[in-house]
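Heads up, the thing below is written out as structure tokens.
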Amino acid sequence: MMGPGWYLRRLSRMGPAEVVGRARHAVVQRQWRTALPTPPDWPSHPRFTAVLPEGVLGKVSGDAVKRLLATADELMAGRAEYFGVVRSDLASPDWFLDPKTGRRAPSDGYAFDVPYRSEDAVGDIKQIWEPSRHQHLTVLAAAYAVTGSSAYAVRAAEHLRSWWAENPPLRGPHWVSGIELGIRLLSWVWTRRLLDNWTGVGELFEDNPDFQLQLWHHQNWLSTLRSHGSSANNHVIAEDAGLLAAACAFGWFPESPRWRTEAMRSLDAQLARNTFASGLNAELASEYHGLVLELGLAAAVEADAAGTPAPDSTWDVLRRMTDALASIVDNRLRPPRQGDADDGFGLIVDGLETDRWASLLATGEVLFGRLDWWPPVPGDDVRTPLLASLASRTPRASGVRAGRRPAHLRDAGMTILRSGRIWARCDGGPHGFLSIAAHAHADALSVEVRHDGVDILADPGTFCYHGEPRWRSYFRSTLGHNTLELGGTDQSASGGPFLWTRHAVTKVLDVRTPDDGPARWTAAHDGYAPAVHRRTVELDGDVLKIVDEVLGATGPAARLAFHLGPAVTVQLEGTVAHLRWQGTATGSMAPVHTAVMELPSELSWTAHRGEIDPPLGWYSAGFGRKEPSTTLVGSGTPGHLATLLRFS
């Protein structure tokens, strides 16, 4: 639970308008405690018209169908994995159980009384919330759509009826957070669409008073309690996307036109606010770029399908986001691992083995048209043909687009240096988004280096949000990134797991990214004022050079960290580290690669792997998962520190 100090720090990051808005929300929540709002009468014969065009399912590739059915069949057997925890109880799930801790959240209390941040009281709330996003039901519904097998439809219907019965409006943990309601609405829209040919679909949706009650209360909640102020990040995008999609596809209430107009206007404004002009998501957290893009695309095509298109400005942001994604991925289509990541998706209709980023780029290629510098995209997913079929026209490209692949996205402070199979990300951007920078890490001037898609100098990731403060602190710390720490403190000051009270300010000083020859980047930050940390990264062929300088006061002891990817083994000999890893080719013929790191001799170097007290030497491939990896730490007096990474 958060103590009084946290609430004071959180309040200090709010402006007057946000304080007033939160007070209004608190009044509404008190009113709802004793008197739930009453939905209007359900129309006598509602019709669902937002169906897929005839023949579109035939455009899904055979490989995509195989991947989809492999995942759907695992779900039918009751098996799924959420954040590193394998569940085998999903044939008939307990919607309130956290399988990680074994705790069960209270199911019958007033939603806004649930202490969802307390793992002791409710368990890991992410484990509880995730199945109730109902994205496994869109997978089952998609499996029905491509096979016609009613078993998938029956299971999806059983889960929906169970959830609606056990989660009455505003009772229990699934009514606490707007992002959960928004994504759940989007899942219901697509489940209904994909089950359209099933004989029981009308009884499950249009003719079901339980669905009527749930649908109205979800939309009324989102319309009334929309996130705002310092919380208007990816959460408000999910809220608007779900409300817009539901008001378009299930536009059967008297309020539906107003909800649709409100949500479309807000989505347009918030997408613009959450996105740099370069197209990168302003939270500077790569996975949230994917989440926001998925949500925005799903909402925009839904508006098209309803005959009430989103404004061109909405489509322009989505196009810029797609171009930005194409510009920053490595040669294996992996984006950076920057900032927080919680494995959140906006819409899932594919099997687990489908590459998320390739799917997004494939969708963008159809909706906006590819540019010459875009990387090749497989285009063999389920989602792309389904989403594109709902768009009123394609391509939707407008405005000026880059003639060559951008290497420096100035407003986001992200620079990508490339040489052959070497990809390096340099971080010279703002410390997160809005006053709390909720999903930022203390990673100013950090670098991330890959060779043919393999993490060499890795961003360790996120691992957790709630319940394990020691690990949350480590994975977002300065020491937990490939940068320089001074005086044993982070560059930016944390006020809690989603709150930063002081933000380091970073400035990019020089960028040179020619088509041929050495690429160079220099930036500095003031997080240790009056001292200034300045870093230069140069990539010339197979050699990466990093120079760290501390200007001004140089008293505090320094620690320079380099986190190696989990595939890399290392032999440290004094100030020379010999690296070795297997390439990305499949089978026994995958090549073995080597590199040598010449570390600054001014520092004393040690290797750390899988240490717990304090944490050091870890890599999180996804939320809830961590594995040992090697971290090299140089300790000593700061000054002019040069590191050379030579690839064989």
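Nothing here was measured: the structure is a model prediction, and the numbers come from that model.
One finds a salt bridge joining Arg425 and Asp459 here, because a Lys/Arg side-chain nitrogen approaches an Asp/Glu carboxylate oxygen to under 4.0 Å. With salt bridges taken as basic N to acidic carboxylate O contacts below 4.0 Å, none links Arg646 and Asp542. Salt bridge status for Arg356 with Glu294: present, with a side-chain N to carboxylate O gap under 4.0 Å. Between Arg625 and Asp343 there is a salt bridge, with a side-chain nitrogen of the basic residue lying less than 4.0 Å from a carboxylate oxygen of the acidic one. With respect to the salt-bridge test (charged N to carboxylate O, under 4.0 angstrom), the residues Asp540 and Lys545 do not qualify. Electrostatic pairing of Asp316 and Arg319 counts as a salt bridge here, judged by a charged N lying under 4.0 Å from a carboxylate O. Contact check on Asp452 versus Arg450 returns no salt bridge, with no Lys/Arg side-chain nitrogen under 4.0 Å from an Asp/Glu carboxylate oxygen. Salt bridge absent: Arg534 and Asp510 never bring a charged side-chain N and a carboxylate O closer than 4.0 Å. Salt bridge annotation for Arg520-Glu538: present, with a cationic side-chain nitrogen under 4.0 angstrom from a carboxylate oxygen.
Summarising the geometry, atom CH2 belonging to Trp374 is positioned 5.5 Å from atom CG belonging to Leu361; distances are rounded to the nearest 0.5 Å. Within the model, atoms OG of Ser286 and CG of Leu280 stand 8.0 Å from one another, a figure rounded to the nearest 0.5 Å. Distance check, rounded to the nearest 0.5 Å: CD1 of Ile328 to CE of Met414 gives 5.0 Å. Note: Leu409 CG to Phe276 CZ = 10.0 Å, rounded to the nearest 0.5 Å. Distance CG/Leu360 to CD/Glu365: 13.0 Å, rounded to 0.5 Å. Atoms CD1 and CD, from Ile125 and Glu130 in turn, are 11.5 Å apart once rounded to the nearest 0.5 Å.
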* Trace of the ring pair (Phe, Tyr, Trp, His ring centres under 6.0 Å) decision for His439 with Tyr288 -> CA-CA 9 Å; His439 292 297; Tyr288 285 105; 4.3 Å; yes
* Asked: Hey, mind stepping through Ile456 and Leu579 against side chain to side chain contact (heavy atoms under 4.5 Å, CB included) and telling me if it holds?
  -> CA-CA 9 Å; Ile456 307 303; Leu579 314 183; 4.0 Å; yes
* **Residues Ser313, Asp268; criterion side chain to side chain donor-acceptor pair (under 3.5 Å); working and verdict** => CA-CA 7 Å; Ser313 51; Asp268 182 62; 2.6 Å; yes
* Checking side chain to side chain donor-acceptor pair (under 3.5 Å) for the pair His503/Ser492: CA distance, chi angles, key distance, verdict? -> CA-CA 5 Å; His503 302 182; Ser492 297; over 6 Å; no
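In this structure, the side chains of Val547 and Arg535 stay at 4.5 Å or more apart for every pair of heavy atoms. Counting heavy atoms from C-beta on, the side chains of Val568 and Asp455 never come closer than 4.5 Å. Contact annotation: the side chain of Asn234 never approaches that of Asn274 to less than 4.5 Å [non-hydrogen atoms, C-beta and beyond]. Using a 4.5 Å cut-off on side-chain heavy atoms (C-beta onward), Arg332 and Thr584 make contact. Between Leu560 and Pro600, some side-chain heavy-atom pair lies under the 4.5 Å cut-off. At least one side-chain heavy atom of Leu644 sits under 4.5 Å from a side-chain heavy atom of Val543. Taking the side chain as every heavy atom from C-beta outward, Thr483 and Thr478 approach each other to under 4.5 Å.
The aromatic rings of His431 and Trp500 lie perpendicular to each other, with more than 60° between the two planes, well past the 30° mark. Ring geometry, Tyr116 versus Trp129: the interplanar angle falls from 30° to 60°, so the pair is classed tilted.
Ser648 and Thr594 share a side-chain donor-acceptor pair at under 3.5 Å. Side-chain N/O atoms of Ser278 and Asp411 include a donor and acceptor closer than 3.5 Å. For the residue pair Asp124/His466, the side-chain donor-acceptor check at 3.5 Å is not satisfied. With no hydrogens or angles considered, no side-chain donor-acceptor pair links Glu598 and Thr643 at under 3.5 Å. Side-chain contact of Thr631 with His608: a donor-acceptor pair under 3.5 Å is absent, judged by distance alone. For the residue pair Glu448/Asn482, the side-chain donor-acceptor check at 3.5 Å is not satisfied.
Aromatic pair Trp423/His451: ring centres not closer than 6.0 Å. Taking the six-membered ring for Trp and the full ring otherwise, the centers of Tyr474 and Phe463 sit at least 6.0 Å from each other. Ring to ring, His481 and His563 are not that close: their centroids are 6.0 angstrom or more apart.
A cation-pi arrangement is absent between Arg476 and Phe498, since the terminal nitrogen or guanidinium carbon is not both under 6.0 Å from the aromatic centre and inside a 45° cone about the axis. A cation-pi contact, defined as under 6.0 Å to the ring centre and within 45° of the axis, is absent between Lys626 and Tyr619. With a 6.0 Å cutoff to the six-membered ring centre and a 45° limit on the axis angle, Arg396 counts as a cation-pi contact of Trp315.
Taking both residues in full, the closest heavy atoms of Ala232 and Arg273 are given as CB-NH1, 3.4 Å, listed atom of the first, atom of the second, then distance. When every heavy atom of Val508 is checked against every heavy atom of Gly428, the shortest pair comes out as CG2-O, 3.6 Å.
Here the options are Leu445, Ile546, Val550, the test is side chain to side chain contact (heavy atoms under 4.5 Å, CB included), and the partner is Leu484; only Val550 passes.
The environment of CZ in Arg580 is sparse: at most 12 heavy-atom neighbours from other residues, nucleotides or ligands sit within 6.0 Å.
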